[in-house]
Amino acid sequence: VITAHNGCLQMEVTVHGKMAHAAIPRTGVDALQGAVAILDALYRQNARYAEIRSSVPGIEHPYLNVGRIEG
């Protein structure tokens, strides 16, 4: 991937958890908490991309887009 290149990198991430009763959550693993940590890291990186300037007309800077979440 090259900065200011009009390209696309697609990734699929799977986060696993372990079911637990809501009254005793410590017996499980919340996959959504793991997903939130990943999303936070991705969006922090996306904020850094806004500081990069492209010399390609129509492309201001790289951008990261989360297109779909399933659960």
Side-chain angles (χ1 to χ4, degrees):
V1 178
I2 298 171
T3 302
H5 207 24
N6 195 4
C8 179
L9 171 64
Q10 295 183 6
M11 301 173 72
E12 181 175 316
V13 177
T14 303
V15 181
H16 296 277
K18 179 182 173 191
M19 290 190 313
H21 191 281
I24 45 174
R26 69 182 178 281
T27 62
V29 176
D30 188 341
L32 286 177
Q33 284 183 333
V36 166
I38 293 168
L39 288 169
D40 282 344
L42 289 173
Y43 284 118
R44 279 193 306 273
Q45 183 63 36
N46 205 28
R48 295 177 66 197
Y49 289 153
E51 299 170 3
I52 301 170
R53 289 291 163 238
S54 171
S55 60
V56 177
I59 299 176
E60 295 176 12
H61 56 80
Y63 187 77
L64 179 144
N65 179 52
V66 176
R68 185 173 84 186
I69 298 175
E70 292 183 29

Which donor-acceptor pairs under 3.5 Å do side chains of residues 11-22 form with protein atoms, sequence neighbours excluded?
residue : atom : partner : partner atom : Å
His21   : ND1  : Ala23   : N            : 2.9

Got a list of side-chain donor-acceptor pairs under 3.5 Å for residues 63-71, not counting sequence neighbours?
residue : atom : partner : partner atom : Å
Arg68   : NE   : Glu70   : OE2          : 3.0
Arg68   : NH2  : Glu70   : OE2          : 2.9

> From Leu39 CG over to Leu32 CG, what is the distance, rounded to the nearest 0.5 angstrom?
Replying inline: 10.0 Å
> Can you list every pair that meets side-chain hydrogen bond (donor to acceptor under 3.5 Å, both in side chains) and has a residue in residues 25-44, with sequence neighbours left out?
Replying inline: none
>> Can you give me the closest heavy-atom contact between His61 and Ser54, atom names plus distance?
In response: N-CB, 4.5 Å
> Take atom CD in Glu60; do more than 12 heavy atoms of anything else shown fall under 6.0 Å from it?
Replying inline: no
